[in-house]
Amino acid sequence: MAAFSGTSQRKPSPGTADRATMVGMGVTDGVVQSGVTATSGPRFGEAQARARLLVVEDDPNILELLSASLRFAGFTVTTATNGADAVSVARADKPDLMVLDVMLPDLDGFEVIRRLRDNGVRTPVVFLTARDGTEDKVRGLTLGGDDYVTKPFSLEELTARIRAVLRRTIGEQEDTSRLTFADLELNEETHEVRRSGERVLLSPTEFKLLRYLMRNAGRVLSKAQILDHVWQYDFRGDDGIVESYISYLRRKVDNVEPRLIHTLRGVGYVLRLPS
């Protein structure tokens with residue numbers, strides 16, 4: 001079984017002969033352990049439509065072999081080698097799924113997904129990284145990641161996880177620009193919000209907060225989670241700002257029955273119908 005190494009150090013650039021060996025055999029100076037070639041796995045592409053993937057990885061050896069393997073598995077693959085390019089490509093091309101390395105030379109993977117989610121890009125993300133600490137996994141999933149694969153990993157496992165995420169999300173992507181909950185409507189393309197058919201004017205921050213609540217309707221969100229998504233993850237200000245903006249939202253969109261924004265003291269906030 002081929003496995004990618006967990007090292008994050010740069011490998012020496014292989015020569016032409018070595019590169020051919022890497023692609024054909026899945027082996028290059030320790031990056032990939034010998035066992036399965038890039039073209040030895042089963043054809044998973046027969047099971048579902050040809051999905052478009054964006055693979056973001058700064059190590060050229062891993063990127064080359066991973067891209068070749070996923071193309072053989074039936075996917076259409078676009079690549080990026082840094083966080084800034086990943087954000088640009090994801091916004092422009094709207095891939096079906098992103099395989100995103102956490103440790104990138106400019107923006108790390110967490111910042112990439114935060115920027116995309118803040119701009120309404122809901123592309124499913126499978127994080128790929130050597131960082132296997134629980135804190136990192138929780139952070140990645142909290143920011144909107146769909147799965148988290150640690151190195152070393154097998155090509156078969158990664159492909160299976162990609163297909164599992166696509167099965168869960170492919171139907172959800174038909175109309176992600178318009179969110180509805182009860183009589184509350186939010187349109188991400190026009191930045192319009194309506195309650196009971198009446199338009200409600202929100203500031204950009206209020207809009208982001210409401211969007212986050214609506215995308216997680218029925219789920220209790222802590223102040224820390226809200227700060228992570230609506231403000232920057234490294235925001236160090238008073239978390240009382242969350243209470244203030246929840247209050248603003250209530251005055252604008254929750255001033256009629258039924259009340260939708262609820263506070264769970266000491267826990268967080270949730271958008272749901274009254275019990």
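Index from 1, following the sequence.
Heavy atoms from other residues, nucleotides or ligands lying under 6.0 Å from CD of Glu257 number more than 12.
Rounding to the nearest 0.5 angstrom, the gap separating the CG atom in Asp108 from the CD1 atom in Ile113 is 11.0 Å. Atom CZ of residue Arg211 and atom CG of residue Asp118 lie 6.5 Å apart, to the nearest 0.5 angstrom. To the nearest 0.5 Å, atom CG of residue Asn82 and atom OG of residue Ser88 are 8.5 Å apart. To the nearest 0.5 Å, the span separating CG on Leu97 from CZ on Arg163 amounts to 11.0 Å. Of the inter-residue distances, the one linking Leu116 atom CG with Arg91 atom CZ reads 6.5 Å to the nearest 0.5 angstrom. Distance check, rounded to the nearest 0.5 Å: OG1 of Thr79 to CG of Leu63 gives 5.0 Å.
A salt bridge between Arg215 and Glu188 is present, with a side-chain N of the basic residue lying under 4.0 Å from a carboxylate O of the acidic one. Ion pairing between a basic and an acidic side chain is recognised when a charged N comes within 4.0 Å of a carboxylate O; Arg195 and Glu198 show no such pairing. Ion pairing between a basic and an acidic side chain is recognised when a charged N comes within 4.0 Å of a carboxylate O; Lys223 and Glu243 show such pairing.
Val193 is listed as a side-chain neighbour of Leu184, based on a closest heavy-atom distance under 4.5 Å. Residues Leu209 and Thr205 form no side-chain contact, since every pair of their non-hydrogen atoms from C-beta on lies 4.5 Å or further apart. A heavy-atom distance below 4.5 Å is found between the side chains of Thr78 and Leu54. Residues Asp96 and Phe75 fail the side-chain proximity criterion, which asks for heavy atoms closer than 4.5 Å. The shortest side-chain heavy-atom distance between Leu202 and Leu210 falls under the 4.5 Å cut-off. Residues Arg71 and Val55 form no side-chain contact, since every pair of their non-hydrogen atoms from C-beta on lies 4.5 Å or further apart. Using a 4.5 Å heavy-atom cutoff, the side chains of Leu227 and Ile241 are in contact. Between Tyr212 and Gln225 the shortest side-chain heavy-atom distance falls below 4.5 Å.
Looking only at distances, a side-chain donor or acceptor of Asp106 sits under 3.5 Å from a matching main-chain atom of Ala84. Side-chain atoms of Asn216 never come within 3.5 Å of backbone atoms of Arg219 as a donor-acceptor pair (strictly under, hydrogens ignored). With hydrogens and angles disregarded, a donor-acceptor distance shorter than 3.5 Å links the side chain of Asp254 to the backbone of Leu260. For the pair Asp146 (side chain) and Val125 (backbone), a donor-acceptor distance under 3.5 Å is present. Using modelled atom types, no side-chain atom of Arg250 and backbone atom of Tyr245 make a donor-acceptor pair closer than 3.5 Å.
Scanning all heavy atoms of the two residues, the minimum distance from Val200 to Lys252 falls at CG1-O, 3.6 Å. Closest of all the heavy-atom pairs between Arg52 and Asp93 is NH1-O, 3.0 Å. Between Val99 and Leu66 the shortest heavy-atom distance is CG1-CD2, 4.4 Å. Taking all atoms of both residues into account, the shortest heavy-atom contact from Asp58 to Pro105 is CB-CD, 3.7 Å. Minimum interatomic distance between Pro95 and Val89 (heavy atoms only, all atoms of both residues): CD-O, 4.4 Å. Phe181 and Arg272 make their closest contact through CZ-CA, 3.5 Å (heavy atoms, listed as atom of the first residue, atom of the second, distance).
Under the 4.5 angstrom side-chain criterion for Ile, Leu, Val, Met, Phe, Trp and Tyr, the cluster partners of Val270 are Val220, Leu264, Val267. Membership of an apolar cluster is not assigned to Leu201, as no side-chain contact below 4.5 Å to another ILVMFWY residue is traced.
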Before giving the answer on side-chain contact (heavy atoms from CB on, under 4.5 Å), spell out for Val242 and Ile246 the whole-Å C-alpha distance, their side-chain angles and the decisive distance to 0.1 Å.
CA-CA 6 Å; Val242 176; Ile246 289 289; 4.2 Å; yes
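Grouping the Ile, Leu, Val, Met, Phe, Trp and Tyr side chains by contacts below 4.5 angstrom, directly or via other members, places Ile261 apart from Val256.
Between His191 and Phe207, the ring planes lie parallel to each other; the angle is under 30°, not in the 30° to 60° tilted range.
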